[in-house]
Amino acid sequence: MRTIPTIRRVTPLIGAEVEDVDLGALDDAGFGAIRDALMAHGVLFFRDQDISIESQKALGARFGELVVHPNDPGLDGHPEVMRIHADENSVRATGERWHSDVSCDPTPPMGSILRMHTVPATGGDTLFASMYAAYEAMSDRMKTLLDGLTAVHEGGPYYREVNRLIGRDDGGREYPASEHPVVRTHPVTGRRALFVNQMFTVRIVGVPRGESEALLDFLFRHVQRPDFHCRFRWSRNSIAFWDNRCTQHHAIWDYYPAVRSGYRVTIRGERPV
Ligand code: SIN
């Protein structure tokens, strides 16, 4: 008998917990249910998924081509798998401010699948924010102002800061930089979503510097409104799968010196429109 996953909303605006599913052995019906749930809820959470790195890659590959991170060497033999790790020797943790992954790329990721195999006894939650909700909550006047604008997203400033902190020599490498619409239309749902983030977006194009700074400052603060958010409490072998086109996330490093460790695969997206 086929088991259809059970989907439970986390909040009315974002997030759902998915039960009765083995992500290491997903049939076509299960795949379809998860794809539809991701489009409906923006981020999905799964518990007790003791799957191998190969299975995690195979899962991601059902949704699209896996991509190599522009500033992470990946695992030995698995360049598309990023280790997300912090322990007592860490000077930083990945994703500690609001962002969508690698938005500096000309074709930013469609989504990411993160599995945690080691979690602290308490802490290490991840916050997710709906960029549909963030857009829809703005006034019509603000929407009209933002709708035609584009913004520059640069990887260099953030990735060089990371490399400096961890003492990694980037050999003077160039990082992606791209111009994207400030409000994008989701290619599957057709809904409009705010698409600027404080990790990568450096300026709005075609307006004076002061106006760009003021607008971005407002938008970065707007994204922090808790009514757009849900918060995931990780357990061992839980997975979060987020749609990077309509959400942002923020990992909380409140568990030092405990260990939090897992693997992320990232799926290629399309040019935002
Ligand atoms: C990230 O992919 O930004 C890290 C998320 C997390 O560690 O929860």
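Counting starts at 1 for both ligands and their atoms, in listed order.
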**Prompt:** More than 12 foreign heavy atoms under 6.0 Å from CZ of Arg271: is that the case here?
**Reply:** no
**Backbone of Tyr135 reached by a side-chain donor or acceptor of Arg192 within 3.5 Å** = no
**Request:** Could you list which atoms of ligand 1 come closer than 4.0 Å to a heavy atom of His249?
**Result:** 1 (C), 2 (O), 3 (O)
**Message:** Please list the nearest protein heavy atom to atom 7 (O) of ligand 1 with its residue and the distance rounded to 0.1 Å.
**Reply:** Arg260 NH1, 2.8 Å
**Request:** Using a strict 4.0 Å cut-off to heavy atoms of Thr126, name the atoms of ligand 1 that fall inside it.
**Result:** 6 (C), 8 (O)
**Prompt:** Per the ring pair (Phe, Tyr, Trp, His ring centres under 6.0 Å) rule, which among Phe46, Trp242, Phe45 passes with Phe232?
**Reply:** Phe45
**Message:** What I want to know is whether Thr94 and ligand 1 share at least one N or O pair that is separated by under 3.5 angstrom.
**Reply:** no
**Glu88, CD: over 12 other non-hydrogen atoms inside 6.0 angstrom** = yes
**Item:** Residue Ile84 vicinity, atoms of ligand 1 by number, heavy atom under 4.0 Å
**Value:** 7 (O)
**Complete:** Partner of Phe200 under ring pair (Phe, Tyr, Trp, His ring centres under 6.0 Å), picked from Tyr175, Tyr159, Trp98, is Tyr159
**Asked** What atoms of ligand 1 come within less than 4.0 Å of a heavy atom belonging to Gly95?
**Response** 3 (O)
**Asked** In this structure, are over 12 heavy atoms from other groups packed under 6.0 Å from Arg47 atom CZ?
**Response** yes
**Request:** Would you please name every residue forming a side chain to side chain contact (heavy atoms under 4.5 Å, CB included) with Ala86, sequence neighbours left out?
**Result:** Ser90, Ala93, Trp253, Tyr255
**Request:** Can you pull out the closest protein heavy atom to atom 2 (O) of ligand 1? Residue, atom name and distance to 0.1 Å, please.
**Result:** Arg264 NH1, 2.8 Å
**Item:** Glu17/Arg9 ion pair, N-O < 4.0 Å
**Value:** no
**Prompt:** With atoms numbered from 1 as shown, which atoms in ligand 1 lie under 4.0 angstrom from a non-hydrogen atom of Trp242?
**Reply:** 2 (O)
**Request:** Take every heavy atom of His99, measure it against each atom of ligand 1, and state whether any distance is under 4.0 Å.
**Result:** yes
**Asked** For ligand 1, which atoms sit closer than 4.0 Å to a heavy atom of Ala251?
**Response** 5 (C), 6 (C), 7 (O), 8 (O)
**Prompt:** Considering only heavy atoms of Leu114, which atoms of ligand 1 have at least one such atom less than 4.0 Å away?
**Reply:** 5 (C), 6 (C), 7 (O), 8 (O)
